[in-house]
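Here is the structure we will look at.
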Amino acid sequence: MKILITIISLLFLSACSSNQKKGDNMMEAEQYDQAVFFYEKAFQNNPDDEEITQKLSFARSRLVGANLIEVRMFRQSKLQVKAAKKLNESLEQMTQWKIRADSAVKATIDEEVEFAARWLNKELPRLAKAKNYNRFSYSLKQYQHIIDAGMNDRIIKQATPEMNKLGQQQCRNMKSDLNTHLSLIHI
């Protein structure tokens with residue numbers, strides 16, 4: 001029995017160090033998303049290992065930083081939707097991983113949130129005017145972390161009542177269509 005426990009322990013440690021080594025290799029290659037993946041696997045196998053914990057934290061911070069560079073590149077290339085999606089993803093990761101931004105990263109985040117919020121302040125009324133309830137509602141969820149900054153509150157407050165009416169009408173229409181189809185089936 002002791003031999004079996006020893007073998008299982010060695011396999012467990014081997015898997016852990018293998019994932020840590022893969023994470024190290026990915027960090028060296030600046031593949032931060034993959035490094036996070038492997039360090040998380042290593043952490044799951046050995047959550048008390050301080051070295052793995054530090055490497056995971058560092059990889060996550062580097063990933064967020066790389067994502068912010070990508071956000072800026074998308075924005076400067078006039079790819080506002082991609083920039084907003086990537087920014088929202090980065091903000092979500094920071095919240096989930098409890099990453100505290102240093103002053104330079106904080107300044108970048110603030111600037112990109114401001115640009116994204118201004119874009120949303122144009123996009124949301126456009127969707128409302130087009131009576132695109134689904135896209136409007138989806139945008140509120142998709143960009144939640146950007147919206148949380150509070151720069152879109154006035155626009156959202158203006159458009160939401162009309163969008164809610166459209167959504168309710170859409171549900172009534174779907175219910176009516178469904179009832180019509182069901183009644184035809186029963187005939």
Side-chain angles (χ1 to χ4, degrees), residues 19-20 22-44 47 49-130 132-161 163-164:
N19 284 322
Q20 182 177 345
K22 289 176 185 175
D24 293 344
N25 291 339
M26 292 297 102
M27 282 298 290
E28 191 174 309
E30 297 182 1
Q31 298 294 318
Y32 305 121
D33 56 339
Q34 290 297 307
V36 167
F37 174 80
F38 287 116
Y39 287 144
E40 283 177 345
K41 283 186 162 288
F43 180 79
Q44 287 172 357
D49 187 317
E50 194 171 308
E51 182 182 3
I52 292 172
T53 303
Q54 288 175 349
K55 287 182 177 191
L56 175 58
S57 178
F58 183 69
R60 286 173 169 173
S61 294
R62 294 300 297 253
L63 176 59
V64 167
N67 285 346
L68 290 172
I69 292 169
E70 197 172 343
V71 167
R72 180 152 294 171
M73 290 171 51
F74 283 144
R75 180 180 54 79
Q76 290 175 342
S77 299
K78 308 284 189 235
L79 300 170
Q80 300 302 339
V81 173
K82 286 186 175 188
K85 284 181 183 178
K86 184 58 90 171
L87 176 60
N88 199 72
E89 176 187 318
S90 297
L91 295 172
E92 184 176 342
Q93 288 171 334
M94 289 181 71
T95 301
Q96 178 185 353
W97 295 334
K98 296 176 178 70
I99 293 176
R100 299 270 184 228
D102 64 20
S103 59
V105 171
K106 177 83 171 101
T108 300
I109 291 169
D110 290 347
E111 183 177 348
E112 294 306 327
V113 165
E114 186 177 333
F115 277 107
R118 277 194 258 147
W119 170 76
L120 272 174
N121 279 339
K122 293 176 186 170
E123 181 68 5
L124 293 173
R126 185 187 69 73
L127 294 171
K129 185 176 180 180
N132 193 338
Y133 167 77
N134 292 338
R135 188 71 194 136
F136 181 88
S137 298
Y138 179 70
S139 293
L140 295 181
K141 290 180 178 77
Q142 184 178 29
Y143 304 117
Q144 184 61 52
H145 292 279
I146 295 168
I147 290 169
D148 285 347
M151 296 179 202
N152 307 105
D153 292 345
R154 184 180 57 79
I155 297 296
I156 292 169
K157 191 173 184 176
Q158 285 175 337
T160 297
M163 290 291 99
N164 286 342

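Model, not experiment: these values are computed from the prediction.
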Quick one: [atom1] on [X] to [atom2] on [Y], what's the gap to the nearest 0.5 Å?
X     : Y      : atom1 : atom2 : result
Asn88 : Ile147 : CG    : CD1   : 8.0 Å
Glu92 : Glu89  : CD    : CD    : 8.0 Å
Lys78 : Arg75  : NZ    : CZ    : 8.5 Å
Lys98 : Arg100 : NZ    : CZ    : 9.5 Å
Met27 : Tyr39  : CE    : OH    : 6.0 Å
Ile52 : Glu50  : CD1   : CD    : 11.5 Å

Please find the pair of heavy atoms, one from [X] and one from [Y], that lie closest to each other, and give the distance.
X      : Y      : answer
Ala59  : Tyr32  : O-CB, 4.2 Å
Trp119 : Ala84  : CZ3-CB, 3.7 Å
Ala35  : Gly23  : CB-O, 3.7 Å
Ile109 : Ala101 : CD1-CB, 4.1 Å
Leu63  : Gln93  : CD2-NE2, 4.0 Å
Ala149 : Val113 : CB-CG1, 3.5 Å

Taking only Lys NZ, Arg NE, NH1 and NH2, and the carboxylate oxygens of Asp or Glu, determine whether Glu114 and Arg118 approach each other closer than 4.0 Å.
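Between Arg118 and Glu114 there is a salt bridge, with a charged N closer than 4.0 Å to a carboxylate O.
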Run Phe38 and Asn25 through side chain to side chain contact (heavy atoms under 4.5 Å, CB included) and show every step you take.
CA-CA 10 Å; Phe38 287 116; Asn25 291 339; over 6 Å; no
If you define the side chain from C-beta out and look only at heavy atoms, does anything of Leu87 sit under 4.5 Å from Asn67?
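They are not in contact (no side-chain heavy atoms under 4.5 Å apart), so the answer is no.
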So do the side chains of Leu91 and Ile146 get within less than 4.5 Å of each other, counting heavy atoms only?
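Yes, their side chains come closer than 4.5 Å.
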Report, one line per pair, each donor and acceptor closer than 3.5 Å where one atom sits in a side chain of residues 136-143; sequence neighbours left out.
unit_1 : atom_1 : unit_2 : atom_2 : d
Ser137 : OG     : Tyr133 : O      : 3.1
Ser139 : OG     : Arg135 : O      : 2.9
Gln142 : OE1    : Arg135 : NH2    : 3.4

Of all pairs that satisfy side chain to side chain donor-acceptor pair (under 3.5 Å), the ones with a partner from residues 144-160, not counting sequence neighbours
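Listed once each, the pairs are Asn121-Asn152, Gln144-Asp148.
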For Asn134, enumerate each residue passing the side chain to side chain donor-acceptor pair (under 3.5 Å) test, keeping only those at least two apart in sequence or located in another chain.
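Residues passing side chain to side chain donor-acceptor pair (under 3.5 Å) with Asn134: Gln170.
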Do we see a donor-acceptor contact under 3.5 Å between the side chains of Gln20 and Glu51?
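There is such a pair between these side chains.
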Run the numbers on Phe43 and Thr53 for side chain to side chain contact (heavy atoms under 4.5 Å, CB included), then give the verdict.
CA-CA 7 Å; Phe43 180 79; Thr53 303; 3.4 Å; yes
